[in-house]
Undergrad: 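The following block contains the structure, expressed as structure tokens.
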Amino acid sequence: MKNLKYVLIVFVALTAMIACNNDDDDDDRYVNPIVGTWGMSETEDGFTITVSVTFLENNKGTIVTTISFEGETETDTSSFTWRTSGDQLTMVIDGETDVLTYSISGNKLTVTDDEGFELVFTRE
């Protein structure tokens, strides 16, 4: 009888350890859906503007802006920090803080400033 109790205790202990280990292996950390690279491109009056924004998990990122006109191309790269709260996206670029409203639907990121100007990016 003692052997049966011992086997049952070991079985229960092993089952509990396996269940706990599976929980640890399935660690579903929250990753903000804005993390990734988003791009947009527009052409108007001969100007082509391409913007690529990368949001990293460490709340840092880069913006690469390329402007082309009559065969000339100029590219600018800026670094920023970011955070979200609800539908608010706060970005700090070159010491200036911008608070924007954002939404994600499928592979589209829509960003709106406080004056209602809206940009739509596609996940790259």
Side-chain angles (χ1 to χ4, degrees):
M1 190 66 149
K2 283 185 179 185
N3 286 341
L4 182 58
K5 278 185 178 179
Y6 178 73
V7 170
L8 285 174
I9 290 172
V10 169
F11 177 77
V12 169
L14 286 174
T15 302
M17 286 186 346
I18 290 170
C20 290
N21 284 342
N22 285 343
D23 289 344
D24 292 342
D25 292 342
D26 295 333
D27 181 20
D28 291 335
R29 295 181 306 135
Y30 171 75
V31 176
N32 192 315
I34 202 168
V35 170
T37 300
W38 303 85
M40 64 160 291
S41 183
E42 290 191 10
T43 301
E44 189 173 317
D45 297 330
F47 284 94
T48 299
I49 299 173
T50 304
V51 180
S52 179
V53 183
T54 301
F55 295 90
L56 302 173
E57 282 187 56
N58 64 0
N59 295 91
K60 294 182 181 182
T62 58
I63 299 174
V64 178
T65 305
T66 304
I67 301 173
S68 298
F69 181 69
E70 294 183 351
E72 297 290 322
T73 300
E74 187 172 319
T75 300
D76 181 59
T77 302
S78 299
S79 296
F80 64 91
T81 59
W82 65 274
R83 71 178 180 277
T84 59
S85 178
D87 67 348
Q88 300 296 297
L89 168 63
T90 302
M91 298 175 69
V92 180
I93 306 168
D94 296 328
E96 291 189 30
T97 301
D98 289 315
V99 179
L100 309 162
T101 301
Y102 82 102
S103 66
I104 297 173
S105 179
N107 67 343
K108 300 288 184 192
L109 167 65
T110 303
V111 179
T112 309
D113 69 10
D114 59 354
E115 295 176 6
F117 182 73
E118 182 177 278
L119 292 173
V120 179
F121 296 87
T122 303
R123 188 177 293 275
E124 294 182 351

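Numbers for residues simply follow the sequence, beginning at 1. Every value quoted in this text rests on a predicted model; they were computed, and no experiment measured them.
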Undergrad: May I ask you to check whether S68 and T73 show a side-chain donor-acceptor distance below 3.5 Å?
TA: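 A donor-acceptor contact under 3.5 Å links the two side chains.
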
Undergrad: Can you tell if the side chain of F80 reaches within under 4.5 Å of the side chain of V53, non-hydrogen atoms only?
TA: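 Yes. Closest side-chain heavy atoms under 4.5 Å.
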
Undergrad: Report yes if some heavy atom in the side chain of S79 is under 4.5 Å from a heavy atom in the side chain of K60; otherwise report no.
TA: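 No; the side chains remain at least 4.5 Å from each other.
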
Undergrad: Quick check for you: to the nearest 0.5 Å, what is the distance between T65 atom OG1 and M40 atom CE?
TA: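 If I round to the nearest 0.5 Å, the distance is 9.5 Å.
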
Undergrad: With ring centroids as reference points, do F55 and F121 lie under 6.0 angstrom apart?
TA: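 No, the ring of F55 stays outside the 6.0 Å limit from the ring of F121, centre to centre.
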
Undergrad: Using side chain to side chain contact (heavy atoms under 4.5 Å, CB included), reason through T75 and V64 one step at a time and then give a plain yes or no.
TA: CA-CA 7 Å; T75 300; V64 178; 3.7 Å; yes

Undergrad: I'd like to know if V120 and W38 are part of one continuous hydrophobic network [Ile/Leu/Val/Met/Phe/Trp/Tyr, side-chain heavy atoms within less than 4.5 Å].
TA: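 W38 and V120: separate clusters.
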
Undergrad: Does the side chain of N59 reach to within under 4.5 Å of the side chain of T81, using non-hydrogen atoms?
TA: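 No, too far: nothing below the 4.5 Å cut-off.
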
Undergrad: Consider only side-chain N and O atoms of T54 and T37, and report whether a donor and an acceptor are under 3.5 Å apart.
TA: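 Indeed, the side chains of T54 and T37 share at least one donor-acceptor pair under 3.5 Å.
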
Undergrad: Would you give the length of the straight line joining atom CD1 of I34 to atom CH2 of W82, rounded to the nearest 0.5 angstrom?
TA: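 It is 6.0 Å, given to the nearest 0.5 Å.
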
Undergrad: So, D113 side chain and G116 main chain: donor-acceptor pair closer than 3.5 Å or not?
TA: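 Checking the backbone N and O of G116 against the side chain of D113, a donor-acceptor pair under 3.5 Å is found.
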
Undergrad: Assess whether side-chain hydrogen bond (donor to acceptor under 3.5 Å, both in side chains) is satisfied between S41 and T50, documenting all intermediate values.
TA: CA-CA 4 Å; S41 183; T50 304; 3.3 Å; yes

Undergrad: Side chains of V31 and E57, heavy atoms from C-beta outward: is any pair under 4.5 Å?
TA: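 When only atoms from C-beta onward are counted, E57 and V31 do touch, with a gap below 4.5 Å.
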
Undergrad: At their closest point, which heavy atom of S52 faces which heavy atom of E124, and how far apart are they?
TA: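 Result for this residue pair: OG-OE1, 3.4 Å.
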
Undergrad: Do any side-chain atoms of residues 88-108 form donor-acceptor pairs under 3.5 angstrom with protein atoms, and if so which ones, sequence neighbours left out?
TA:
residue: Q88; atom: NE2; partner: T101; partner atom: OG1; Å: 3.3
residue: K108; atom: NZ; partner: T122; partner atom: OG1; Å: 2.9

Undergrad: Under 4.5 Å between side-chain heavy atoms, hopping through other hydrophobics if needed: is there a path connecting F117 to V111?
TA: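 Yes, one cluster joins them.
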
Undergrad: Is the count of non-hydrogen atoms from other residues, nucleotides or ligands lying under 6.0 Å from R123 atom CZ greater than 12?
TA: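 Yes.
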
